[in-house]
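In the text below, chain A, chain B and the rest are named by the order of the sequence lines, each starting its count at 1.
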There are 2 protein chains.
Amino acid sequence: MITRNAQSGGTARSVNDPTAKGKGPPANDGTAAIRTAAPTSRTEAVQDALRQAIMEQKLQPGARLPEDAIGETFGTSRTIAREALGRLAVEGLVELKPNKGAYVANPSLEEALDTFMVRRGLECTVTGLLAGKLKPGEIDALNCFIEKEHSVSGVDDRESIRLAGAFHLLLARMTGNQLLIRYVTEVVSRCSLILAMYGRPHSADCGVDEHRQIVQALVNGDASRANELMDHHLASVAGRAMLEARQERDIRDLLAPYAARIKGL
Amino acid sequence: MITRNAQSGGTARSVNDPTAKGKGPPANDGTAAIRTAAPTSRTEAVQDALRQAIMEQKLQPGARLPEDAIGETFGTSRTIAREALGRLAVEGLVELKPNKGAYVANPSLEEALDTFMVRRGLECTVTGLLAGKLKPGEIDALNCFIEKEHSVSGVDDRESIRLAGAFHLLLARMTGNQLLIRYVTEVVSRCSLILAMYGRPHSADCGVDEHRQIVQALVNGDASRANELMDHHLASVAGRAMLEARQERDIRDLLAPYAARIKGL
DNA sequence: CGTGACTATTTTGCATGCAATTAAAGTGAC
DNA sequence: GTCACTTTAATTGCATGCAAAATAGTCACG
């Protein structure tokens, strides 16, 4: 009925920029995205866009994600949307209910704690691999990054969360361990979602100083201290976020479906 | 031209048992599979079957996995095969080359070491969560499992590797942490593939006793000792496997494509 | 006899169409 | 007015078809 053009994909190219335009300059300082490399397939493009939309809370937790709507939005077929949703489900950002459809993940408190627990283990592996092995250029990059974190601290909460995640990602990338990078990327995504859901305002602020200490310990080659700091850091981030979360969460849960219905999606 | 039946999927049911028949009784003691729950979709069924085939080395590392052939084998369309391959790629058992197709993963020595490194971190999280928290029934289950491991030790290498993996999986499941379970499942899959590729005969044998010690430490609630044991255990498994691997691997790499061509696949 | 270009075939990437499941609306009985 | 049932609409699950890319095969030419 739509008959967009011919049939095959050679022309429909509305994929490249649909949700990506919202932010500042595309300077790739690790700030921008989880994905570093340019998307190779359309599936990846849609996947990246959806991930960003979810993590920026443009798509509320619990919101429905119909294949049709997504495909149409991005100018692709349901096939692509479907596959992107499937992969995001693996990442834990999307929940896939059989025969019912895809929803933005709405992690329970328990799942949130599980995620942080796994994250602590992974990040200790990171610190273990990095302690005393950082090259001068890497140290500079980290310090520079922390500077940037400090500059937005207390100003833009959402940006703070994003940068905090990016910091941990940056560390993981320095290990060069591809699998570790993938896992840290995943848990950081999940944690960012969780913090955006459960976090109180300013909850991520005081993390900056802890980041500084961690880098210092890594530079000093003190692995166990870096581990300890990282562990404490993550535990405290989780703790700060969760403390007052219980009631608020219920309200949000209850409200989300109505909000989605009103907005029409 | 095939016109198998009508059109839709309501009837084509050759999915349920294609590669699964090769082994003993279907008693579900954790021996059988990575997947515990019955597959809900056809995609999952194919995915599980392929995973098993790969881990049993029925499909050699590096072998091509054409969508067509897989779909035909399992009595489904390429769509299903494609999606299953995609998910296995996420798990790291399949390598997906754009516009070229899917291949059974052929991890390099570096990737193998990366995997073991990540695994150590994850499994330490497992031991940390489990130390002193095991219920009597769980302890029994573990001891029973170790007994079984011991019985096949030195008899059936492939089975030993499988059981060793299943033991770690069993531990992970006892944490109840879904994400942790997923990650451990993945790394165990990968490590099983790696051990099957790189492992010398009997390389996994002496692991049984270490398993026993780990359980003992967990029962005693000695978290740090359990961690230490687990770490040492995994490092030694990795070490045993890798030691003589270098040359042999090159040969296998070179041979794999030819083997695949001869067998026609 | 080896090498390069051209063609044919295979295989992936993606879009679309049909059936089935599920959610919703509408209808009637109590 | 509420509950149960039937019907209808929306959406998923899956298969198939077409085009592009990659590979294999063929033939002319050096």
Side-chain angles (χ1 to χ4, degrees), chain A residues 1-16 39-47 62-89 94-104 257-258 260-261 264-265, chain B residues 1-16 39-47 63-89 94-104 257-258 260-262 264-265:
Chain A
M1 190 183 292
I2 287 181
T3 328
R4 205 181 343 267
N5 39 29
Q7 182 221 0
S8 179
T11 32
R13 273 288 149 69
S14 51
V15 163
N16 290 328
T40 65
S41 68
R42 260 153 274 200
T43 298
E44 246 174 292
V46 173
Q47 187 185 356
R64 274 207 66 208
L65 298 169
E67 300 175 354
D68 263 341
I70 294 170
E72 205 167 327
T73 307
F74 291 103
T76 72
S77 77
R78 292 192 302 123
T79 308
I80 302 298
R82 187 182 175 75
E83 193 165 332
L85 288 171
R87 298 203 189 164
L88 288 170
V94 160
E95 196 174 349
L96 231 48
K97 303 184 184 176
N99 281 323
K100 281 209 55 186
Y103 299 79
V104 177
Y258 298 97
R261 193 178 302 164
L265 178 57
Chain B
M1 127 190 350
I2 287 181
T3 329
R4 203 177 350 263
N5 40 28
Q7 181 222 0
S8 178
T11 33
R13 272 289 149 69
S14 52
V15 163
N16 291 327
T40 64
S41 68
R42 260 152 274 200
T43 298
E44 246 176 290
V46 173
Q47 188 184 355
R64 276 208 65 210
L65 297 169
E67 298 175 356
D68 262 340
I70 292 169
E72 205 166 329
T73 308
F74 291 102
T76 72
S77 77
R78 292 193 302 121
T79 308
I80 303 298
R82 186 182 176 75
E83 193 166 332
L85 288 171
R87 299 204 189 163
L88 288 169
V94 160
E95 196 173 350
L96 230 49
K97 303 185 183 175
N99 281 322
K100 282 208 56 186
Y103 299 79
V104 176
Y258 300 95
R261 192 179 303 165
I262 289 168
L265 178 53

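Here the closest non-hydrogen pair linking A/Ile70 and A/Val46 is CG2-CG1, 4.1 Å.
In the set D/dT12, C/dC14, C/dT11, the nucleotide with an atom closest to the side chain of B/Arg64 is C/dT11. Listed nucleotides C/dA15, D/dC14, D/dA15 differ in distance to B/Ser77; the shortest reach to its side chain belongs to D/dA15. Checking D/dT12, C/dT12, D/dA15 against the side-chain heavy atoms of B/Glu67 singles out C/dT12 as nearest.
Proximity of A/Arg42 to the phosphate of C/dG13: no side-chain N or O atom is located under 4.0 Å from OP1 or OP2. Between A/Lys100 and C/dA23 there is a side-chain polar atom (N or O) within less than 4.0 angstrom of OP1 or OP2. B/Arg78 has no side-chain polar atom (N or O) that falls below the 4.0 Å cut-off from OP1 or OP2 of C/dT11.
The distance from atom CD of B/Glu44 to atom C1' of D/dC14 is 15 Å, rounded to the nearest whole Å. We find that CG of A/Leu96 is positioned 16 Å from P of D/dT11, with the value rounded to whole Å. The distance from atom CD1 of A/Ile70 to atom P of C/dC14 is 16 Å, rounded to the nearest whole Å. In this structure, CG of A/Leu85 is placed 9 Å from P of D/dT12, rounded to the nearest angstrom. Distance NZ (B/Lys97) to C1' (C/dT10): 17 Å, rounded to an integer number of Å.
Remark on DNA chain D: of its neighbouring residues A/Asp68 and B/Asn99, the 5'-side contact belongs to A/Asp68, judged by nearest-heavy-atom nucleotide.
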